[in-house]
Amino acid sequence: MSPVRDMSKPSPLFVIEAPGKVRVLRRSLRKLGMHAEVVCTKGHFVAFPERLRPLGITSDYQPIGLRANPAVVRRLQALARDADVFIATDDDQEGHRIAVDVYQHIKAIARRTVRLPLRDISMDGVRQVLERAAPVAVHTGRPAGVRRIVDRLIGYSYSRQGIACGRVSSALLSVTARHAPIIGHVVLSLPAADGGEVFACRMPVTRETLSLWRYRQRLLWDSQPARVMKVAGKRTSPLNYAGLMQHVLARHHEVRA
C-alpha cells in the first residue's frame, strides 16, 4: 500500500531533459510509491542567444550572454519552492551541465536538492539511482560549459555572410560532402547452381544512384541469362540527425577496418 501523502508539504520534484520521458518516469515513481511532480527542461534551457553578435564572452573566456528559458524557469521555481528536488538529467556531460544550470536556479528556494544521474527510467532503474543520490557537484558541469564557449567562439570566428559554421554541423556537412548518405538498399537474389541456399547481395542506394538502380531493376527483372530472381529496392524514411550519425559511425568503422 502506498504511503499517505502529507498535503501540507510540496510534492517532491524530479527534473529531466526530454518531454517524451515525463509520463514514463511518473509511472515508475508511482510504482515505487512516490507521488512526485515531473518537469522537463526540454534540453538546454540555458544557452547563448541564437545570433552570434554580440559574442557574449569576455576577454578571459567567461560567458556573459547566457539566457534561460523564462517559461521553464518559472515552472521549475514554482514547483521547487520548499520541495525536495531530484535533478535526474542524463548521466553524460550535457546532462551534468543541465543539472548544474537547474541547481543554480533553484538552490536558494528548494528544501533539498540532489543529483540523480539517470540512465534508465524503468522502476528498477529509478530505484537503483535513488540509492545513489548525492549532492549536486558543480564541477561536473564544467566540461560541457567549456565546450559551449568553444562552440560559440568557432561560430563567431568563422561564420561569414549569414553562413553558419559550428563544431557539429560543419563536421557532419563535411562527411556528407565526401560520402553521400545511404537512403535505401537494393537486394539482388540469385539461385545457387547446386540448388542450395539462395544467394542475396544487398547494395546501398544513395540519392545519386537511386535512378540508376531503378533503371537496372527494369532491365534485370526478367533477365534469364543472369538468372536474377528478384531485384527489390526500398527507400528508408527521410534522413534525420540520428540516421546521419549512424551513417557517419558506419563509415568510420569501414575506414578503420
Side-chain angles (χ1 to χ4, degrees), residues 1-47 68-69 71-148 168 240-246 248-250 252-253:
M1 182 175 179
S2 299
V4 177
R5 175 185 163 192
D6 185 351
M7 299 301 293
S8 65
K9 296 180 180 179
S11 299
L13 175 64
F14 281 72
V15 183
I16 59 176
E17 298 174 39
K21 296 181 179 180
V22 170
R23 288 186 179 181
V24 180
L25 178 57
R26 189 179 289 131
R27 185 163 56 246
S28 295
L29 291 170
R30 282 199 300 265
K31 292 179 180 178
L32 292 172
M34 295 187 66
H35 300 277
E37 296 283 352
V38 181
V39 65
C40 68
T41 64
K42 300 180 180 179
H44 284 279
F45 75 104
V46 174
N69 185 316
V72 176
V73 172
R74 284 195 299 268
R75 179 163 172 76
L76 276 173
Q77 292 180 339
L79 295 172
R81 188 171 299 279
D82 299 325
D84 292 329
V85 180
F86 300 86
I87 305 179
T89 49
D90 294 346
D91 188 13
D92 55 26
Q93 285 190 4
E94 301 305 318
H96 298 324
R97 179 68 257 172
I98 296 170
V100 172
D101 289 338
V102 169
Y103 172 69
Q104 291 173 340
H105 279 81
I106 65 171
K107 62 182 179 181
I109 61 175
R111 175 177 176 271
R112 180 172 67 109
T113 305
V114 296
R115 175 78 169 104
L116 299 179
L118 196 61
R119 295 185 177 183
D120 180 4
I121 58 177
S122 68
M123 183 182 69
D124 289 338
V126 174
R127 181 192 292 115
Q128 291 174 10
V129 79
L130 280 170
E131 295 173 353
R132 301 194 305 271
V136 177
V138 176
H139 71 274
T140 61
R142 290 172 185 164
V146 171
R147 188 166 64 190
R148 178 163 61 189
V168 177
N240 55 24
Y241 184 82
L244 184 55
M245 289 304 299
Q246 290 178 347
V248 170
L249 291 173
H252 173 69
H253 290 309

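In this chain, numbering begins with 1 at the start of the sequence shown.
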Distance, nearest 0.5 Å, that separates NE2 of H44 from CD1 of I98: 4.5 Å
Donor-acceptor side-chain pairing of D120 and S122 below 3.5 angstrom: yes
Side-chain heavy atoms of P117 within contact of V129, under 4.5 Å: yes
Expected output: side-chain R97 to main-chain G141 donor-acceptor under 3.5 Å: yes
Working for salt bridge (Lys or Arg N to Asp or Glu O under 4.0 Å), residues D82 and R111: CA-CA 4 Å; D82 299 325; R111 175 177 176 271; over 6 Å; no
Heavy-atom side-chain contact between V85 and Y103 under 4.5 Å: no
Heavy-atom closest pair, residues D90 and E17: N-OE2, 2.8 Å
Pairwise distance CG(L29) to CZ(F86) - rounded to 0.5 angstrom: 9.0 Å
Residue pair M34 / L130: nearest heavy atoms and the distance that separates them: SD-CD1, 3.9 Å
Distance-minimising heavy-atom pair for A68 and H105: CB-NE2, 3.7 Å
Closest heavy-atom pair and its distance - L76, L13: O-CD2, 4.1 Å
Atom CZ of R81 with >12 non-hydrogen neighbours under 6.0 angstrom: no
Euclidean distance, D124 CG relative to L32 CG, rounded to 0.5 Å: 8.0 Å
pair K107-V138: side-chain heavy atoms closer than 4.5 Å: no
Heavy-atom pair of closest approach, residues V100 and A137: CG2-O, 4.1 Å
Over 12 non-hydrogen atoms of neighbours within 6.0 angstrom of CZ in R127: yes
Smallest separation among heavy atoms of S11 and A83, with atom names: O-CB, 3.6 Å
Distance-only donor-acceptor check, side chains T89 and R115, under 3.5 Å: yes
Close side-chain approach of T140 to Q93, heavy-atom, < 4.5 Å: no
Atom pair CD1 (I121) and CZ (R119), whose distance is rounded to the nearest 0.5 Å: 15.0 Å
Value rounded to 0.5 Å, distance of CD1 in I16 from CG in L25: 5.0 Å
